[in-house]
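Notes follow the structure.
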Amino acid sequence: MLVDSHCHLDRLKLDQLDGDLDAVLELARSRGVGRFLCVGVSLENADTVVEIASRYRDVVCSVGVHPLDVESGLADVDTLIKMAERPKVVALGETGLDYYYSTGTKSIQQQSFAAHLEAAGRAVLPVIVHTRDAREDTINLIRAYGNLETAGVLHCFTENWEMAKSALDLNYYISLSGIVTFKNAQALRDIARKLPLDRLLVETDSPYLAPVPYRGKPNIPAYVREVAEFIADLRGIPYGRLAEMTTENFFRLFSRAA
């Protein structure tokens with residue numbers, strides 16, 4: 001079995017996919033994908049991701065406020081803990097820091113990230129972390145506010161090996177998306193070869209970042225197989241071994257999804 005550890009099912013443009021969400025998930029299942037983590041990004045879409053997860057036996061969800069959504073509404077620690085009590089919620093996030101697209105909200109991003117980390121520790125849940133051009137602050141906040149037992153994942157990882165190593169030392173997992181298949185992603189491929197197999201996850205970040213050979217098209221959960229096959233080939237191991245390990249890792253980290 002394979003898991004899409006990070007997708008945004010509520011953001012799929014179904015009119016471009018000649019089908020409905022049932023069909024999209026069924027296609028993924030036919031390619032061996034047995035679990036989907038539908039990730040929340042704002043207070044507004046928390047109800048939506050929980051509702052989607054409630055409809056499907058193999059879909060779970062997370063709730064949280066993305067760093068680029070902090071201006072639309074923040075959640076304090078108590079609110080996040082209450083959100084995390086909803087059915088089929090297995091993580092908080094995605095949260096984190098993004099200084100690539102927004103440097104003017106650094107302070108509020110940091111406040112939000114710290115609240116998610118603290119809430120996750122109290123709720124005994126992992127954290128899904130988005131990080132871009134904020135390496136030092138991301139690691140420092142995890143050290144300061146994170147629970148290293150419940151830990152979390154740096155999703156759609158595109159940073160350097162030093163950051164990956166720091167996260168691994170903090171008991172975090174690293175998730176790779178279709179970006180690893182892009183022609184200009186040699187540095188990321190070098191990291192993909194070095195990551196411990198027991199800390200690796202795979203994802204689509206659907207509907208964004210479709211892997212080769214679908215680049216430029218809407219991304220769907222079925223394409224997590226291309227990501228996994230590419231990484232298995234890169235590491236010189238059988239695809240089945242990569243699928244088995246990343247699935248084990250997923251259920252170890254997101255224990256409520258079991």
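Along the sequence shown, residues carry numbers from 1. Basis for what follows: all heavy atoms, side chains included, without hydrogens, waters or symmetry-related copies.
With hydrogens and angles ignored, the 3.5 Å screen pairs no side-chain donor or acceptor of Arg132 with any backbone N or O of Tyr99. In this structure, the side chain of Arg235 engages the main chain of Leu195 through a donor-acceptor pair within 3.5 Å. Not one N or O on the side chain of His8 forms a donor-acceptor pair closer than 3.5 Å with the backbone of Asp10. Side-chain atoms of Ser42 do not come within 3.5 Å of backbone N or O of Asp69 as any donor-acceptor pair. A donor-acceptor pair under 3.5 Å is absent between the side-chain atoms of Thr204 and the main chain of Tyr223, judged by distance alone. Put simply, the side chain of Arg215 never gets that close to the backbone of Gly178: no donor and acceptor are under 3.5 Å apart. Although no hydrogens or angles enter the test, the distance criterion places no donor-acceptor pair under 3.5 Å between the side chain of Thr131 and the main chain of Thr138. Under the 3.5 Å distance criterion, the side-chain polar atoms of Asp20 are matched with a main-chain donor or acceptor of Ala23.
Proximity of His66 to Thr95: side-chain heavy atoms (C-beta onward) are nowhere separated by under 4.5 Å. Taking 4.5 Å as the limit, some side-chain heavy atom of Leu25 sits within range of a side-chain heavy atom of Val59. Taking the side chain as every heavy atom from C-beta outward, Leu201 and Leu176 never approach each other to under 4.5 Å. With contacts defined as side-chain heavy-atom distances shorter than 4.5 Å, the pair Leu37/Asp4 does not qualify. Side-chain contact check for Ser175 versus Ile128: every heavy-atom pair is 4.5 Å or farther apart. Looking at Ile142 and Phe113, their side chains come closer than 4.5 Å, going by heavy atoms from C-beta outward. You'll find the side chain of Val89 stays beyond 4.5 Å of the side chain of Ser62, heavy atoms only. Looking only at side-chain heavy atoms (C-beta outward), Tyr208 and Asn219 stay at 4.5 Å or farther from each other.
Remark: Gln186 CD is packed, more than 12 non-hydrogen atoms of other residues, nucleotides or ligands lying under 6.0 Å away. Atom OH of Tyr145 is surrounded by 12 or fewer heavy atoms from other residues, nucleotides or ligands within 6.0 Å.
Salt-bridge check for Asp47 with Arg86: passed, with a basic side-chain N closer than 4.0 Å to an acidic carboxylate O. Salt bridge annotation for Arg29-Glu26: present, with a cationic side-chain nitrogen under 4.0 angstrom from a carboxylate oxygen. No salt bridge links Arg11 with Asp205; every basic N to acidic carboxylate O contact stays at or beyond 4.0 Å. Taking 4.0 Å as the cut-off between side-chain N and carboxylate O, Asp169 and Lys165 count as a salt-bridged pair. Between Arg241 and Glu244 there is a salt bridge, since a side-chain N of the basic residue sits under 4.0 Å from a carboxylate O of the acidic one.
Leu2 contributes atom CG, which lies 9.0 Å from atom CD of Glu229 (distance to the nearest 0.5 angstrom). Atom OG1 of Thr246 is separated from atom CZ of Arg199 by 15.0 Å, given to the nearest 0.5 angstrom. Within the model, atoms OG1 of Thr158 and OH of Tyr100 stand 10.0 Å from one another, a figure rounded to the nearest 0.5 Å. Atom CD1 of residue Ile231 and atom CZ of residue Arg189 lie 11.0 Å apart, to the nearest 0.5 angstrom. Going from atom OG1 of Thr247 over to atom CE of Met245 covers 10.0 Å, rounded to the nearest 0.5 Å. We find the CG-CG distance between Asn171 and Leu148 to be 7.0 Å, quoted to the nearest 0.5 Å.
For the 3.5 Å distance criterion, the side chains of Tyr101 and Asp133 fail to qualify, holding no donor opposite an acceptor. No hydrogens or angles considered: a donor-acceptor pair under 3.5 Å links the side chains of Arg252 and Tyr173. For the residue pair His116/Glu94, the side-chain donor-acceptor check at 3.5 Å is not satisfied. With hydrogens and angles left out, the side-chain atoms of Glu203 and Ser5 include no donor and acceptor closer than 3.5 Å. Between the side chains of Asp76 and Thr79, at least one donor N or O sits under 3.5 Å from an acceptor N or O. Judged purely by distance below 3.5 Å, without hydrogens or angles, the side chains of Tyr56 and Asp22 pair a donor atom with an acceptor atom.
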**Request:** Please step through side chain to side chain contact (heavy atoms under 4.5 Å, CB included) for the pair Tyr172 and Leu253, ending with a clear verdict.
**Result:** CA-CA 9 Å; Tyr172 269 62; Leu253 178 60; over 6 Å; no
**Request:** Report the C-alpha separation of Lys88 and Glu51 in whole Å, then their side-chain angles, then the decisive distance to 0.1 Å, and conclude whether the side chain to side chain contact (heavy atoms under 4.5 Å, CB included) test is met.
**Result:** CA-CA 9 Å; Lys88 302 195 78 172; Glu51 189 277 325; over 6 Å; no
**Message:** Test side chain to side chain contact (heavy atoms under 4.5 Å, CB included) on Val63 and Leu43; report intermediate values, then the result.
**Reply:** CA-CA 8 Å; Val63 290; Leu43 297 178; over 6 Å; no
**Message:** Does Phe251 form a side chain to side chain contact (heavy atoms under 4.5 Å, CB included) with Met1? I'd like the steps, not just the answer.
**Reply:** CA-CA 12 Å; Phe251 287 112; Met1 186 175 84; 3.5 Å; yes
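Residues Cys156 and Ser177 come closest through the heavy atom pair SG-OG, 3.3 Å. In this structure, Val65 and Ser112 approach most closely via the heavy-atom pair O-OG, 4.2 Å. Nearest approach of Leu197 to Asn249, heavy atoms of both residues: O-ND2, 2.9 Å. Smallest separation of non-hydrogen atoms from Ala228 and Val202: CA-CG1, 4.4 Å. Nearest heavy-atom pair across Val224 and Val33 is CG1-CG2, 3.6 Å. Of all the heavy atoms in Ala84 and Ala123, the pair that sits closest is CB-CB, 4.4 Å.
Ring pair Phe254/Phe250 is tilted by interplanar angle, where 30° to 60° counts as tilted. The aromatic rings of His130 and His155 sit tilted relative to each other, their planes meeting at an angle between 30° and 60°.
Using a 4.5 Å cut-off between side-chain heavy atoms of Ile, Leu, Val, Met, Phe, Trp and Tyr, with links allowed through other members, Phe182 and Leu234 fall into the same hydrophobic cluster. Residues Val60 and Val39 share a single hydrophobic cluster, defined by chaining ILVMFWY side chains whose heavy atoms lie under 4.5 Å apart. Val180 and Met163 fall within the same hydrophobic cluster, defined by Ile, Leu, Val, Met, Phe, Trp and Tyr side-chain heavy atoms under 4.5 Å apart, directly or through other members. Note: the hydrophobic cluster containing Ile174 also contains Trp161 (ILVMFWY, side chain heavy atoms under 4.5 Å, direct or indirect links). Put simply, Leu27 and Val24 are part of the same group of oily side chains (I, L, V, M, F, W, Y) that touch within less than 4.5 Å, one to the next.
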